[in-house]
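Working notes for the structure below.
Chain letters run A, B, ... following the sequence lines, proteins first, then strands; residues in each count from 1.
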Amino acid sequence: MSEFKPKSDFLRVLSERGYIHQCSDFAGLDEKARKERITAYVGYDCTASSLHIGNLISAMMLHWLQQTGHRPITLMGGGTTRVGDPSGKDETRKLLTVDQIEANKNSIRGVFSRFLDYGATGTGAIMVDNAEWLTKLNYIDMLRDIGRHFSINRMLTMDSVKLRLEREQELSFIEFNYMILQSYDFVELSRMHDCCLQMGGSDQWGNIVNGVELGRRMGSQQLYALTTPLLTTASGAKMGKTASGAVWLNADVFSPYDYWQYWRNTEDADVGRFLKLFTILPLAEIARLEALAGSEINEAKKVLATEATALLHGRAAADEAAETARKTFEQGVAADTLPTISISAIELDAGIGVLSAFVTAGLVPSTGEARRQIQGGGLRVNDELVSDPRSVLREANLRDGVIKLSMGKKRHILLKPN
RNA sequence: GGGGGAAUGUCCCGAGCGGCAAAGGGGGCGGACUGUAAAUCCGCUGGCUAUGCCUUCGCAGGUUCGAGUCCUGCUUCCCCCA
């Protein structure tokens with residue numbers, strides 16, 4: 001596929017930037033995107049209150065889709081989340097309540113306006129929720145109209161199903177239906193919005209191709225599937241995991257500063273690839289940054305961090321995060337924009353044990369962990385190593401009105417009495 | 001319906017003669033080295049008002065000075081036969 005030279009702007013950009021893993025009909029899609037404005041969609045589960053970094057790549061594809069003159073649709077899986085996607089999961093996941101799903105949906109949808117323009121123009125993005133049509137399906141009608149197009153024989157060969165069966169793990173009937181509903185979504189969007197392309201992660205290939213197939217059998221227009229490569233770091237780890245869990249996109253669960261730090265800590269070998277995928281910098285500029293060798297590549301990492309953060313949280317937040325990092329790491333000063341936790345001045349007056357101070361700051365989960373970190377030389381107060389777990393923080397520890405707590409070299413929190 | 005297995009540290013995998021806060025991995029965190037990188041090496045990886053106390057091995061009982069380990073019942077999952 002890499003030798004194929006796309007003629008459409010859309011596929012050319014995606015291809016140059018490394019977004020493409022598989023396509024059901026690369027030439028056909030290219031031709032269509034060259035000749036006319038197409039509409040494409042990506043579906044998002046509502047299993048958590050925020051999207052995470054793994055969802056970013058498909059959001060970026062929608063961004064480029066719109067930039068190259070086409071129309072993106074973001075589909076919220078308000079209906080399908082009630083069923084649960086078995087793809088890539090070992091076990092049945094707990095079913096979420098409808099209320100939880102609704103809450104998640106509302107919490108998630110905001111981030112898309114960062115990447116897409118939902119204006120009323122021809123390329124204006126559309127947001128839909130598959131609960132709109134899925135919850136109205138009548139079981140018998142669905143079996144007759146949709147179900148008859150699905151072959152159990154073939155469904156059993158799909159990876160998501162096959163893996164479960166091979167490992168002798170439970171696959172419930174409700175999950176087994178997931179791919180049918182997702183396939184139907186595709187056909188429905190094709191009807192409603194003339195959508196001809198579904199994109200997603202490589203784990204979605206089976207589900208997407210089923211939709212293409214269903215469309216063919218139900219006589220809708222030619223549908224296309226396009227997937228992105230599974231994102232791993234150069235050392236093979238899955239992307240988006242940190243100490244505190246996933247890298248979330250919502251600022252209230254993962255601060256812009258932490259987000260900036262996540263990108264700043266990219267491995268050398270990934271810098272070029274990530275610049276192409278997660279920033280909108282021109283390729284020429286990226287080529288220059290990518291060519292930096294040795295410690296100079298740190299400059300490229302800062303650009304990556306700032307640009308990626310600006311895209312999600314806005315330029316101002318990105319610059320602030322960059323500045324905070326510069327002060328903290330390059331000057332060793334406590335920037336007042338570091339994440340801050342308020343504590344009561346009265347309690348500080350009485351003295352707060354270091355152990356509980358670090359727990360309050362959220363740097364360690366328990367006082368036991370704090371003790372261990374002290375033993376391992378990992379905790380600092382105002383950049384001074386903590387050696388005695390019984391020591392106490394008082395007013396005298398205030399520096400410019402705050403106490404700086406650090407775990408390791410990278411994680412800092414300011415305590416501020418009020 | 002009959003027969004046989006399985007469930008372990010709240011991240012995962014996994015060992016565990018009646019003395020167990022429970023081997024070993026992976027992952028994660030911290031330290032050293034660096035460039036806020038990778039690789040490598042070292043330490044840590046139940047909770048607490050902490051030389052002690054409390055809670056953990058699917059659930060509930062029982063035997064025992066003492067149970068993850070033995071017995072009984074139950075739940076869930078898997079395999080074979082019907």
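Within the 4.0 angstrom heavy-atom criterion, no nucleotide atom of any strand lies near A/Gln375. A/Thr367 comes within contact range of at least one nucleobase, with a heavy-atom separation under 4.0 Å. Within the 4.0 angstrom heavy-atom criterion, no nucleotide atom of any strand lies near A/Thr328. Here A/Arg372 lies in heavy-atom contact (under 4.0 Å) with sugar-phosphate atoms only.
For the residue pair A/Asp185 and A/Thr80, no side-chain donor N or O sits within less than 3.5 Å of a side-chain acceptor on the partner. Judged purely by distance below 3.5 Å, without hydrogens or angles, the side chains of A/Thr337 and A/Thr324 pair a donor atom with an acceptor atom. Side-chain contact annotation: A/Ser295 with A/Asn298, donor-acceptor N/O pair under 3.5 Å absent.
Summarising the geometry, the separation between OH on A/Tyr259 and P on B/U36 is reported as 22 Å, rounded to the nearest angstrom. Protein atom CG of A/Leu379 is 12 Å distant from nucleotide atom C1' of B/C44, rounded to whole Å. Between the P atom of B/G28 and the CG atom of A/Asn265 lies a distance of 13 Å, rounded to the nearest Å. Atom CZ in A/Arg411 sits about 18 Å away from atom P in B/U36, given to the nearest Å. Straight-line distance from the CD atom of A/Glu267 to the P atom of B/A39: 6 Å, rounded to whole Å. At whole-Å resolution of the value, OH in A/Tyr262 and C1' in B/G28 are 15 Å apart. Taking atom CG on A/Leu304 and atom C1' on B/U36, their separation rounds to 14 Å, with Å as the unit. A straight line from CZ of A/Phe358 to P of B/C29 spans 17 Å, rounded to a whole angstrom.
The separation of B/A21 from B/U69, taken at their P atoms, amounts to 14 Å, rounded to a whole angstrom. Going from the P atom of B/G61 to that of B/C13 covers 28 Å, rounded to whole Å. Between B/G52 and B/C78, the distance separating the two C1' atoms is 45 Å to the nearest Å. Distance check on atom C1': B/G14 versus B/U8 gives 9 Å, rounded to whole Å. Comparing B/A7 with B/C12, their P atoms sit 15 Å apart, to the nearest whole Å. B/G66 and B/C17 are spaced 16 Å apart, taking the C1' atom of each and rounding to whole Å. To the nearest whole angstrom, the two C1' atoms, one in B/C20 and one in B/U55, are 14 Å apart. Remark: the separation of the P atoms in B/G28 and B/C81 is 43 Å, to the nearest Å.
With a 3.5 Å ceiling on both atom-pair distances, B/C33 lacks any Watson-Crick or G-U wobble partner.
Taking 90° from 0 as the syn/anti boundary, the base of B/C20 is oriented syn.
Side-chain to base pairing of A/Gln261 with B/U36: one donor and one acceptor N or O lie within less than 3.5 Å of each other.
Within 6.0 Å of NZ in A/Lys302 there are more than 12 heavy atoms belonging to other residues, nucleotides or ligands. More than 12 heavy-atom neighbours from other residues, nucleotides or ligands sit within 6.0 angstrom of CD on A/Glu16.
Side-chain contact between A/Phe115 and A/Leu56 is present, with heavy atoms from C-beta onward closer than 4.5 Å.
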